[in-house]
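Numbered from 1 within each chain, the chains take letters A, B, ... in sequence-line order.
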Protein chains: 2
Amino acid sequence: MKHKPTSLDIAHLAGVSQSTVSRALNDSPLVNIATRKKVQEIAAQLNYQVDKNASNLRRQRSNTIALLLFEDPTSDDSLVNPFFLAMLGSITRACAAKGYDLLVSFQDLDSNWQAQYEDSHKADGLILLGYGDYRAYAGKLTQLRQQHTHVMRWGAPVAESPGISIGCDNVSGGQSIAAHLLSHGYRRFAFIGDIGDKAPEFQGRYEGFVTRLSPEATHIQLDAISTQDAGAAAAQRLMNGAAPLPDAIVCAADIIAVGVLATLHKAGIKVPDQVAVVGFDNIQVAALTTPSLTTVQQNTNQAGEKLVENLLLAINEQPTKDHLLPATLIVRQSCGCQV
Amino acid sequence: MKHKPTSLDIAHLAGVSQSTVSRALNDSPLVNIATRKKVQEIAAQLNYQVDKNASNLRRQRSNTIALLLFEDPTSDDSLVNPFFLAMLGSITRACAAKGYDLLVSFQDLDSNWQAQYEDSHKADGLILLGYGDYRAYAGKLTQLRQQHTHVMRWGAPVAESPGISIGCDNVSGGQSIAAHLLSHGYRRFAFIGDIGDKAPEFQGRYEGFVTRLSPEATHIQLDAISTQDAGAAAAQRLMNGAAPLPDAIVCAADIIAVGVLATLHKAGIKVPDQVAVVGFDNIQVAALTTPSLTTVQQNTNQAGEKLVENLLLAINEQPTKDHLLPATLIVRQSCGCQV
DNA sequence: CTGAAAGCGCTTACAG
DNA sequence: CTGAAAGCGCTTACAG
């Protein structure tokens with residue numbers, strides 16, 4: 001394998017010093033325009049690429065961001081919540097637009113991720129993605145701050161959780177759902193989704209939903225983690241109960257709603273004729289279910305951009321603050337309100 | 001921000017030389033076990049991490065793999081074929097298991113990706129993922145080989161395409177579908193999916209399907225690229241035609257089948273009672289459609305492992321060869337054959 | 001088993 | 001505008 005060309009090789013060919021080559025390739029205005037062009041041409045001919053390791057070592061930054069995905073530990077090994085995959089896509093694009101590379105890693109909460117990337121100078125900052133119990137890693141977040149690591153977290157801003165976060169306005173999303181269903185005459189509701197402290201996103205959605213209900217409306221709440229199976233099980237409990245079915249079932253996540261729809265379908269219960277169903281997230285599948293799922297969209301494109309943008313601010317020691325992104329109701333067939 | 005500890009800092013604290021620190025941290029047997037322990041303890045206390053840039057520069061390898069995702073240029077900006085996202089997950093895990101980091105990038109076919117990663121020493125090798133016209137980048141692949149870049153490609157092995165590839169046994173997958181449907185009495189088929197040279201995967205699936213058909217069976221073929229819309233359009237053409245509907249519709253990809261199902265549903269045509277539908281890929285959605293979709297599974301976990309494993313072999317200058325991974329029929333409701 | 005020294009390929013003050 | 005020199009933080013022959 002032929003020796004890869006270095007800046008010194010180019011210097012020889014161009015008849016200038018190695019420092020001038022470096023300057024020319026970095027488009028420094030200090031270098032005479034003709035020299036610059038010449039050097040750049042030779043570099044192009046040789047397929048020369050700056051050695052990032054050397055460059056990063058010298059510059060003390062990597063132009064790389066590390067994305068840590070926390071998988072829901074309950075999910076099947078081969079599956080990742082489609083919502084996070086959509087986020088991954090948008091983060092990748094946002095990084096590319098800013099000239100940053102993206103290192104991706106799946107992490108479990110136990111491992112030593114706080115050190116692995118930024119401390120080793122492989123990345124200038126971290127993005128944390130994944131729902132779940134932020135308390136489990138609150139300690140690590142605190143430690144990260146102390147080490148002045150640059151971190152941006154996706155999720156609900158939580159008072160006790162240190163660090164900046166970017167998240168969706170879950171409360172207003174929940175409100176939109178309530179308002180929409182009420183205006184179409186629904187009064188008896190079931191909300192499916194955990195609302196314990198481990199699920200701050202679901203808490204927000206529930207809170208928004210409940211506070212927006214009118215006095216004459218009633219509701220019950222059933223626990224379910226963010227999986228199809230949990231949704232199916234909750235729907236089953238609903239059907240087994242003594243009480244008649246509610247008018248509308250509001251699910252804290254689309255993936256739960258998918259399980260609910262499947263269970264209702266099996267039982268021969270028509271959606272939306274006999275009961276309306278609404279989800280949250282607007283994952284790709286939501287448009288494809290039968291009936292298609294009314295849900296709340298989180299703008300993943302904007303989310304990825306905001307995360308990257310704020311992380312870069314932090315890296316450059318600029319002030320940043322929490323952001324809430326708007327949540328938009330997407331009306332489809334499953335709520336029976338489509339024109 | 002406090003200066004990050006270096007090996008020299010540890011050397012001072014441990015009272016040994018910097019070279020010994022380096023050796024100890026790399027668990028070299030050359031270092032006295034007591035010294036090794038001591039150094040490692042001090043390093044742990046300081047949260048010391050080896051500077052990857054320096055280490056990589058010196059070692060001339062990065063322990064990093066770059067994954068280049070070629071998006072289907074026809075797909076919506078925010079969507080990525082769920083199949084590739086599943087692959088991403090499995091590749092990520094496989095890399096982690098081997099102690100490699102993964103750099104992810106979305107590339108369009110025009111850009112200068114062949115140089116960006118390995119030439120700049122950011123990655124030791126590349127994985128190419130994405131269907132589409134391999135001819136469009138065959139030239140680049142050739143160039144990569146000449147530069148001795150280490151590349152592994154996901155997709156059908158193609159005679160004219162240089163370089164090693166790992167792919168699914170599309171032909172045998174197509175055969176399984178034909179065999180299954182025939183044995184359940186279906187005789188009149190439609191195959192939906194492009195079979196031009198731009199879609200070698202689809203070609204393989206079609207080829208397997210057709211060659212396995214019995215003499216009394218008939219079939220037509222309709223073009224469709226790998227999107228839901230294209231599937232919907234093809235189904236519409238089928239229904240608009242003068243001929244009666246076939247017994248069974250075989251789709252070259254699940255995402256096409258999802259579009260077909262939606263269109264049939266809208267037209268009031270019952271699946272599988274009036275027509276059977278089969279897909280290919282076993283994306284997550286396939287289990288969730290109504291009716292659930294019979295399809296062929298590509299083992300993404302194994303695929304990711306094989307890709308990474310072979311790439312590492314190539315990086316270490318070991319011989320590698322093309323691999324075909326088995327394709328497994330998954331029988332669900334949409335073919336009407338479920339027990 | 002350990003240390004002093006070289007060198008990976010850059011970037012960037014410093015001097016001219 | 002250009003060059004000679006230092007140095008980023010490691011790893012690894014080399015010498016002992």
- Message: Only Watson-Crick and G-U wobble pairs, only distances under 3.5 Å, only runs of 3 or more: what stems does that leave for DNA chain C?
- Response: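 Ordered by first number, the stems with DNA chain C (at least 3 consecutive pairs each) read C:1-3 with D:14-16, C:5-12 with D:5-12, C:14-16 with D:1-3.
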Any chance you could measure [X], atom [atom1], to [Y], atom [atom2], to the nearest 0.5 Å?
X      : Y      : atom1 : atom2 : answer
B:I65  : B:D101 : CD1   : CG    : 9.5 Å
A:H12  : A:I42  : NE2   : CD1   : 12.0 Å
B:H323 : B:Q302 : NE2   : CD    : 9.5 Å

- Message: My understanding is that only residues two or more places apart in sequence, or in another chain, count here; which of them pass salt bridge (Lys or Arg N to Asp or Glu O under 4.0 Å) with A:R58?
- Response: none
- Report the residues that fulfil salt bridge (Lys or Arg N to Asp or Glu O under 4.0 Å) with A:E309, sequence neighbours left out, ordered by chain and then residue number.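 Partners of A:E309 by the salt bridge (Lys or Arg N to Asp or Glu O under 4.0 Å) criterion, ordered by chain and then number, come out as A:K306.
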- Mind checking the C1' distance from D:dT12 to D:dG16? Whole angstroms is fine.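 The same atom, C1', in both gives a distance of 16 Å.
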- Item | Rounded P spacing from C:dC10 to C:dC14 in Å | 23 Å
- Taking only residues two or more places apart in sequence or in another chain, which ones pass side chain to side chain contact (heavy atoms under 4.5 Å, CB included) with B:L25?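 Testing B:L25 for side chain to side chain contact (heavy atoms under 4.5 Å, CB included), a comparison that skips the adjacent residues, returns B:V21, B:V39, B:Q40, B:A43, B:Y48.
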- Query: In terms of the nearest nucleotide of DNA chain C, which residue is placed more toward the 5' end: B:T35 or B:R58?
  - Reply: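 Checking each residue's closest nucleotide, the 5'-ward one belongs to B:T35.
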- Query: More 5' along DNA chain D: A:I33 or B:S55, using each one's nearest nucleotide?
  - Reply: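 Upstream on the strand: A:I33.
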- Side chains of B:N56 and B:R61: does their closest heavy-atom pair fall under 4.5 Å?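 Side-chain contact under 4.5 Å: no.
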- Do the non-hydrogen side-chain atoms of B:V16 and B:V31 ever get within less than 4.5 Å of each other?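 No, every pair of side-chain atoms sits at 4.5 Å or beyond.
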- Query: Distance only, no hydrogens: is a donor on one side chain within 3.5 Å (strictly under) of an acceptor on the other, for B:S62 and B:K52?
  - Reply: no
- Test item: side-chain donor near acceptor, A:S22 and A:S19, under 3.5 Å: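 Looking only at side-chain atoms, A:S19 and A:S22 do not form any donor-acceptor pair under 3.5 Å.
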- Query: Which nucleotide of DNA chain D is the first, and which the last, in the 5' to 3' direction, to come under 4.0 Å of a heavy atom belonging to chain A?
  - Reply: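 Taking any atom under 4.0 Å from a heavy atom of chain A, the span is D:dC1 to D:dG9.
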- Item | Within residues 17-32 of chain B: residues closer than 4.0 Å to DNA chain C (heavy atoms) |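 Those residues whose heavy atoms fall under 4.0 Å from DNA chain C, taken from residues 17-32 of chain B in numerical order, are B:S17, B:S19, B:T20, B:R23, B:P29, B:L30, B:V31, B:N32.
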